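My structure is below; once you've seen it, I'll send some questions.
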Amino acid sequence: MSDTDDDLRDLYQDMILDHSKHPRNFHVIDPAHCQAVGHNPLCGDKLVLFLTVGEDGRIADAAFQGTGCAISVASASMMTDMLKGKTALEAKRLWAYFEALCKSNAAESAHLDEDDVARLQALAGVRHYPVRVKCATLAWRTLESALDPSAIKQVGTE
Amino acid sequence: MPTLTLKNHFPVLDQKIHGHPLVYLDSGASAQKPRAVLEAMTRFYEMDYANIHRGVHDLSMRATDKYDAARETVRRFINAAHDDEIIFTSSATDSLNLVAASWGHANLKQGDEVVLTQLEHHANIVPWQLLREQIGFSLRVVPIQANGDVLLNDVRQAINEKTKIVSIAHVSNALGTILPVEEIITYAHSKGVPVLLDGSQAISHMPVDVQKLDADFYVFSGHKLYGPTGIGVLYGKREILKGMPPYRGGGDMIASVSFEKTTFQEPPMRFEAGTPPIAQAVGLAAAIDYVCAIGMDKIAAHEDALLTYATQKIGAIEGVRLIGTAPRKAGILSFVMDCAHPHDIGTILDRHGIAIRAGHHCAQPAMEALSLVATARASLGLYNDESDIDALASGLLHVREIFG
């Protein structure tokens with residue numbers, strides 16, 4: 001039991017449990033400058049992401065709505081916190097880092113904010129649970145779609 | 001009390017997952033295979049394998065005999081009147097697509113209605129929708145109760161002069177509800193409406209007699225009945241099958257072919273184009289022999305007792321809500337927890353070596369009717385016993401510890 005408990009605590013760290021039970025930025029932004037829907041057809045989970053962009057071109061506000069497991073909700077909660085004040089390019093760099101981190105702990109984190117890196121590393125325990133990676137990345141894939149003006153704003157994880 | 005102890009017949013169950021003995025509670029998704037099935041298939045490939053209905057050589061004749069014998073085994077198992085009423089398909093999904101495409105095309109027109117229930121598996125919804133796009137008939141959906149039950153009266157109200165077929169689950173894969181199929185069939189027939197039963201989730205849990213039920217079609221898969229994947233069964237009454245056009249074209253389903261005109265075989269060959277799942281049919285027959293040697297009545301009694309035990313034990317855990325509490329159920333315990341999403345429950349149980357399914361169970365309309373996105377589902381097989389349920393209960397306590 002104790003090995004099993006340690007294993008699981010590595011995935012369900014306190015910060016992740018806290019974000020999943022008390023998600024930040026869990027509301028609608030209306031009107032939003034960018035909006036996209038992400039869903040996980042495997043489990044029916046769904047989230048809607050809202051962004052506003054300031055005159056300086058930086059993300060002014062980010063929020064989300066939806067239902068999901070602890071991992072996907074915590075990921076969306078942490079992501080929307082991190083996005084505020086970032087440019088689209090900075091946001092994409094964070095996603096590229098997190099995507100790499102979900103495959104290998106040797107992902108390159110130069111030029112990224114230390115706090116952001118620490119938070120993403122906590123979530124990257126999901127690496128050891130391959131079927132759950134799509135839960136952790138759902139919010140980020142939805143972000144990718146929200147930031148791409150040409151894309152149809154509907155993404156799945158399959 | 002549950003009485004059977006059969007784990008040692010199933011080689012795959014004898015292993016550890018993440019350091020814990022495997023507790024397999026996902027037979028509703030696919031059942032494990034007894035050694036008897038694995039050996040029958042290996043022996044067939046090693047000794048008797050060839051294509052069927054083609055060769056004059058000895059191996060082909062032996063393979064043909066085994067394939068035909070498998071059809072007879074299935075006939076006997078569900079007590080069909082004739083072995084030409086048993087069609088081998090690639091899956092229960094394929095069987096449902098066959099009926100929709102062949103029978104549906106020949107019998108449905110604009111303005112007609114097909115009656116389904118809200119708890120159908122997607123495989124008994126989508127083939128009808130695909131056909132609806134071509135033809136333009138309507139689907140009439142019978143609602144489910146909050147406890148997951150389907151009421152005979154609601155089915156009666158859904159049937160009218162436009163109804164051409166009732167196509168419903170025998171047992172719900174998401175909730176375990178046993179539908180009142182005998183009464184539904186009697187009523188539908190009194191209105192001249194044929195009935196298809198999707199028996200995928202029933203066939204391994206209870207004796208099925210298609211003549212006693214008077215079902216017009218009955219479908220199930222091999223892999224949920226302790227047999228191999230890649231094979232499904234479609235039972236259809238002889239006179240109905242005879243009137244149905246081919247589903248797929250190819251070898252083995254024709255009487256003669258020329259570029260001007262091709263004539264088709266009688267059922268079942270008409271619906272078995274191409275090389276069929278030969279070894280899978282042999283494996284399915286071995287699986288049927290296996291469950292029959294135990295006795296379907298005994299299996300049903302064992303699983304009923306175990307489901308009662310599980311319902312009490314898991315239902316008593318604080319924060320657990322059972323989903324699907326119809327008075328008549330088989331093999332399925334669906335639940336949610338107030339503290340954790342089904343996916344998180346599934347991950348934590350997996351680390352305890354416990355395999356369950358988490359999600360919508362390919363029954364999204366049923367989930368929506370119950371205002372849910374997903375449930376955790378423990379589903380029983382003949383090899384499960386009380387120790388598996390006890391392990392599940394202790395795993396769920398750990399979920400509460402982490403999320404509580």
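Order of the sequence lines sets the chain letters (A, B, ...), proteins ahead of strands, with each chain counted from 1. Just so we're clear, the structure is a prediction, and the values are computed from it rather than from any experiment.
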- At what distance, to the nearest 0.5 angstrom, does CD1 of B:I345 lie from SG of A:C69? 11.0 Å

- Do you know the tightest heavy-atom contact between A:L17 and B:I402?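 A:L17 and B:I402 have their closest heavy atoms at CD1-O, 3.5 Å.
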
- Student check: side-chain heavy atoms of B:H343 and A:I71 closer than 4.5 Å: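 Counting from C-beta outward, B:H343 and A:I71 never come under 4.5 Å.
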
- Pair A:T4-B:H18, side-chain donor/acceptor within less than 3.5 Å: no

- Message: In the structure I gave you, are the side-chain heavy atoms of A:L8 and B:H398 within less than 4.5 Å of one another anywhere?
- Response: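 Yes; the side chains approach each other to less than 4.5 Å.
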
- Query: Do other residues, nucleotides or ligands put more than 12 heavy atoms under 6.0 Å from B:D14 CG?
  - Reply: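 It does not: B:D14 CG has 12 such atoms or fewer within range.
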
- Does B:F403 offer a backbone N or O that forms a donor-acceptor pair with the side chain of A:K21 under 3.5 Å?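 Pair found, side chain donor or acceptor close to backbone of B:F403.
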
- Item | NZ (A:K46) with more than 12 external heavy atoms under 6.0 Å | no

- Look at atom CD of B:E318 and say whether more than 12 heavy atoms of other residues, nucleotides or ligands are closer to it than 6.0 Å. no

- Message: Within a 6.0 Å radius of atom CD on B:E368, are there more than 12 heavy atoms belonging to other residues, nucleotides or ligands?
- Response: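 No - once you tally the heavy atoms of other residues, nucleotides and ligands closer than 6.0 Å, there are 12 at most.
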
- Would you say A:Y129 and B:D350 make side-chain contact, with heavy atoms under 4.5 Å?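 The answer is no, as the side chains (C-beta and beyond) never meet within the 4.5 Å cut-off.
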
- With a cut-off of 6.0 Å (strictly less than), are more than 12 heavy atoms of other residues, nucleotides or ligands near CD of B:Q15?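 Enclosed.
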
- Item | From B:H341 atom NE2 to A:S72 atom OG, the distance as rounded to the nearest 0.5 Å |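 Interatomic distance, B:H341 NE2 to A:S72 OG, rounded to 0.5 Å: 6.5 Å.
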
- Message: Salt bridge check, A:D5 against B:R351: does any charged N sit closer than 4.0 Å to a carboxylate O?
- Response: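 Result for this pair is no, no salt bridge flagged.
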
- Heavy atoms of other groups near A:R9 CZ, more than 12 under 6.0 Å: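 Correct, the count exceeds 12.
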
